2 protein chains.
Amino acid sequence: MNKPRWQRTRTTIKDIARAANVDPSTVTRALQDSPRVKPETRERIAGIAAELGYVPNMAARTLVNRSSGLIGVVIPDMANPFFAELGRGIEDEAAKHDLRILFHDTRGVESAEREAVQLFLELKVDGLLVPMARSPQDYYGGLKAGVPVVHVNREEAKHHVTCDTVAGSHSIMQHLFDLGHRRIGFVRGPAGPWREPKMFAYRQALEEQGIAYDPDLIFTFDGTLDSSRAIAEEFLALTNRPTAVFAWNDVNAIALIHALKDRGVRVPEDVSIAGHDDIQLSGCIDPPLTTVAWPMYELGQQSVRYLYSLGHGNEPGEPDVPPPRLVVRQSTGSPA
Amino acid sequence: MNKPRWQRTRTTIKDIARAANVDPSTVTRALQDSPRVKPETRERIAGIAAELGYVPNMAARTLVNRSSGLIGVVIPDMANPFFAELGRGIEDEAAKHDLRILFHDTRGVESAEREAVQLFLELKVDGLLVPMARSPQDYYGGLKAGVPVVHVNREEAKHHVTCDTVAGSHSIMQHLFDLGHRRIGFVRGPAGPWREPKMFAYRQALEEQGIAYDPDLIFTFDGTLDSSRAIAEEFLALTNRPTAVFAWNDVNAIALIHALKDRGVRVPEDVSIAGHDDIQLSGCIDPPLTTVAWPMYELGQQSVRYLYSLGHGNEPGEPDVPPPRLVVRQSTGSPA
DNA sequence: TTGTAGGCGTTATCAA
DNA sequence: TTGATAACGCCTACAA
């Protein structure tokens with residue numbers, strides 16, 4: 001292998017030391033605002049550092065400090081604005097602890113998830129945040145490697161911060177029951193562990209109402225617009241159509257509503273549609289979408305706090321996160 | 001400062017060397033699949049490494065190699081799905097060059113942008129990708145530091161990959177003219193350098209048609225839903241309303257359409273609305289949005305290629321990126 | 001095919 | 001208040 005050498009040489013503390021006529025160790029102290037350096041020396045060194053355009057070498061620092069001050073966040077899907085708010089919560093909380101955040105996208109691909117974890121482990125991050133992981137068990141590898149790992153919304157994981165998915169989905173179902181619906185369809189998402197809680201809530205809610213589970217009312221969304229259209233077709237093909245559908249998420253719900261309207265089905269008059277996530281545009285479509293909002297920002301904050309205590313040897317208690325919130329708009333109504 | 005020590009000790013090549021009864025340098029060679037190591041030794045070492053859960057220390061590696069194999073990407077706004085596709089292009093192209101991608105979000109805040117660049121510089125990334133920067137001139141600091149920097153869509157930057165913003169916006173204006181519009185409003189975005197090209201295209205297009213620029217028809221969008229609503233109110237307050245509005249982006253356009261419909265204005269019968277970006281949901285609203293699509297994926301790819309040549313000492317030629325593409329849907333029509 | 005030695009940039013410790 | 005030194009984990013000559 002003859003890997004290309006991108007890097008050119010750069011100014012180091014040695015260069016500064018030479019220019020300032022002091023020892024490198026003095027430069028270090030000066031740059032760290034140590035009290036053990038004469039103020040005027042500090043000034044002089046700071047000036048020279050600035051002049052020379054000095055940038056600390058984190059590799060060297062990490063090597064000797066055995067800590068990078070970095071938190072790695074494994075993002076399942078950058079395209080989903082759902083995760084952006086989580087990121088903000090993470091960033092804001094991280095700033096309070098002098099931690100810096102690095103993101104790596106995986107597009108929901110399991111192998112990419114593994115590579116992301118590997119990358120962060122090599123980087124010697126101080127902690128790993130893994131929202132909606134495909135494979136939580138794998139990350140115990142991270143733990144074994146001595147790096148604290150906190151999962152977001154994966155209750156099976158050893159360390160996790162979660163909001164009550166089941167309760168959120170249950171509240172949607174309850175809302176539909178309250179409107180008088182008895183025959184309710186459900187759109188499940190792409191294969192993966194996250195599929196379960198919503199499906200569980202769906203079936204549980206039906207059971208509570210004494211309604212039999214009907215596999216004909218289960219549709220599958222793969223994340224694409226085409227898939228939402230296909231669901232609309234499936235819906236139309238049904239002889240005994242549901243009066244309401246609980247969609248996988250808002251993107252799915254919005255596309256579904258559009259496809260149904262295109263095919264002459266009125267929402268909510270002919271069928272009620274509910275979503276999940278409450279993305280920004282959910283209130284701007286016609287009809288505005290009934291959905292359930294998650295406290296993503298708080299989840300982000302809590303996950304960093306949890307990680308921080310973990311990293312400091314404290315076994316943190318169960319973090320409490322506000323519950324999902326039902327947002328009733330006009331895409332749901334009483335059945336005809 | 002007594003910074004906390006998160007990190008526990010971990011297995012290094014020394015541990016492997018000890019367990020395998022060889023010298024650390026042999027371990028290095030074995031792990032690098034060097035031909036200068038006996039196959040069976042390689043096997044044995046690989047086995048032990050796996051067993052011990054060895055994770056390479058990138059800090060040490062970067063230090064000696066003087067290259068991290070990392071590309072830092074400064075993301076202006078994770079919440080904007082517009083950037084997700086760019087990220088994909090970047091990732092795919094980077095993979096071809098054995099480069100790993102790291103993202104850092106800035107929320108469009110200038111100071112955060114600076115911090116992101118600083119972080120990446122400290123990390124000794126092999127290159128910096130800065131889409132839609134607030135302050136390109138600052139990044140010449142990166143260049144001075146010996147790190148190649150490529151801007152995406154900032155023509156003023158020394159090294160940049162751009163698609164023809166002006167042409168894209170111009171095609172929207174032309175489309176509106178073709179429909180017969182003469183009085184066209186424009187929504188400008190949040191303050192920043194990116195504001196200019198669209199505004200320029202708007203004015204230029206008017207001029208070409210011999211239409212006088214009317215400041216009353218300029219609205220301002222700050223990124224929030226409230227702001228879109230406010231624009232709807234401003235529009236209604238106008239005595240001589242425009243027959244078409246070129247919105248800042250799709251999110252703005254969608255929110256604006258919603259707000260207008262809410263207030264009894266029909267789109268496109270009473271007013272045509274055009275957007276910019278062609279986000280996934282733009283085709284799913286009522287009416288489906290006329291907009292202009294950017295080749296974000298290609299921009300991502302090209303920017304990495306450009307960066308790669310830069311890093312290898314080649315001054316790359318102007319990269320060519322497909323032009324923006326007008327997407328005509330139903331939110332625009334002929335004026336009444 | 002393997003071992004030895006030196007150094008990458010920074011910091012902590014100890015000595016001056 | 002400052003300087004000298006060793007060490008962090010890994011890699012590359014060079015020697016054996």
Side-chain angles (χ1 to χ4, degrees), chain A residues 1-3 5-45 49 52-69 121-124 126 145-146, chain B residues 1-45 49 52-69 121-124 145-146:
Chain A
M1 286 222 284
N2 56 355
K3 281 192 196 156
R5 283 287 149 67
W6 295 52
Q7 224 74 346
R8 298 146 222 195
T9 44
R10 294 238 268 311
T11 72
T12 71
I13 52 169
K14 283 186 188 170
D15 300 316
I16 301 175
R18 205 172 308 123
N21 249 318
V22 295
D23 189 85
S25 57
T26 304
V27 176
T28 293
R29 281 190 293 263
L31 262 26
Q32 283 175 337
D33 285 323
S34 156
R36 302 184 28 162
V37 59
K38 209 198 301 178
E40 60 185 65
T41 315
R42 190 206 326 293
E43 295 295 303
R44 195 158 52 90
I45 291 180
L52 264 43
Y54 170 71
V55 177
N57 186 328
M58 199 156 134
R61 208 174 255 180
T62 299
L63 199 53
V64 51
N65 283 344
R66 310 168 121 249
S67 163
S68 62
L121 251 30
E122 290 184 20
L123 266 172
K124 303 296 162 198
D126 288 348
Chain B
M1 284 222 284
N2 56 355
K3 281 191 195 156
R5 285 287 151 68
W6 296 50
Q7 223 75 344
R8 298 144 221 196
T9 45
R10 296 240 267 309
T11 73
T12 72
I13 53 168
K14 281 187 190 171
D15 301 315
I16 302 175
R18 207 172 307 123
N21 247 319
V22 295
D23 189 84
S25 61
T26 304
V27 175
T28 294
R29 283 190 291 262
L31 260 27
Q32 282 175 338
D33 285 323
S34 155
R36 302 183 31 166
V37 59
K38 207 198 302 182
E40 60 185 65
T41 315
R42 191 206 324 294
E43 295 294 302
R44 197 158 51 89
I45 290 179
L52 264 45
Y54 171 71
V55 176
N57 186 328
M58 200 154 134
R61 210 173 251 179
T62 299
L63 198 53
V64 51
N65 285 343
R66 313 170 114 244
S67 162
S68 62
L121 252 30
E122 290 184 19
L123 265 173
K124 302 299 162 196

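We name chains A, B, ... by the order of the sequence lines, and we start the count at 1 in each one. For clarity, every value in this text was computed on a predicted model and none was experimentally measured.
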Which comes earlier along DNA chain C counting from the 5' end, the contact point of A:L31 or that of B:P35, where each point is its nearest nucleotide?
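The residue closer to the strand's 5' end, by nearest nucleotide, is B:P35.
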Exercise for the section: Identify, between B:N21 and B:A60, the residue whose nearest nucleotide on DNA chain C lies closer to the 5' end. Expected result: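 Comparing both residues, the 5'-ward one is B:N21.
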Rounded to whole Å, how long is the line connecting atom [atom1] of [X] with atom [atom2] of [N]?
X	N	atom1	atom2	value
B:E122	C:dT10	CD	P	10 Å
A:I45	D:dG3	CD1	C1'	12 Å
A:Q32	C:dT10	CD	P	11 Å
B:K14	C:dT4	NZ	C1'	14 Å
B:R61	C:dG7	CZ	P	22 Å
B:R10	D:dC10	CZ	C1'	15 Å
A:D15	C:dC8	CG	P	11 Å
A:I13	D:dT5	CD1	P	16 Å

Sugar-phosphate only, base, or nothing, as touched by A:V27 at under 4.0 Å among non-hydrogen atoms |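 Result for A:V27 = nothing.
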Discussion item. Students often get this wrong, so: under 4.0 angstrom with heavy atoms, is A:T41 touching a base, only sugar-phosphate, or nothing?
Written reply: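 Sugar-phosphate only.
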Verify whether one side chain among A:S25 and A:D23 offers a donor that lies under 3.5 Å from an acceptor in the other.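 A pair is found: one side chain offers a donor N or O, the other an acceptor, under 3.5 Å apart.
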Proximity to the side chain of [X] - top-ranked nucleotide from [options]:
X	options	value
B:L63	C:dG9, C:dT11, C:dG7	C:dG9
B:V37	D:dC8, C:dT2, D:dC11	C:dT2
A:D23	D:dA4, D:dC10, C:dT10	D:dA4

When you compare the side chain of [Y] with that of [X], does any pair of heavy atoms fall below 4.5 Å?
X	Y	value
B:I16	B:T11	no
A:K124	B:V55	yes
A:L63	B:N57	yes
B:T62	B:L123	no

- Item | Inter-residue atom distance A:T41.OG1 - A:N21.CG, 0.5 Å rounding |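 Reported to 0.5 Å precision, the distance equals 11.5 Å.
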From CG (B:L52) to CD1 (B:I45), nearest 0.5 Å:
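Here the rounded value is 12.0 Å.
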Where do N or O atoms of nucleotides 13-16 of chain C meet protein N or O atoms at under 3.5 Å, pair by pair?
| residue | atom | partner | partner atom | Å |
| --- | --- | --- | --- | --- |
| C:dC14 | N4 | A:R36 | NH2 | 3.4 |

Check the phosphate of [N] against [X], side-chain N and O only, distance under 4.0 Å to OP1 or OP2. Yes or no?
X	N	result
A:R66	D:dG9	yes
B:T26	C:dG3	yes
A:T12	C:dC8	no

- Counting distance only, does the side-chain N/O of B:R10 pair as donor-acceptor with the main-chain N or O of B:G53 below 3.5 Å?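 Checked: no pair found.
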Margin query: Please find the pair of heavy atoms, one from B:P24 and one from B:A17, that lie closest to each other, and give the distance.
Written below: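 Closest approach of B:P24 to B:A17: N-CB, 3.6 Å.
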Handout entry: Nearest non-hydrogen partners of A:R36 and A:R29, listed with the distance
Key =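 So the minimum-distance heavy-atom pair works out to O-NE, 4.1 Å.
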Divergence of helical axes at both termini of the helix from C:dT1-D:dA16 to C:dA16-D:dT1 - five pairs an end, 10° steps
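Answer for the end axes of this duplex: 40°.
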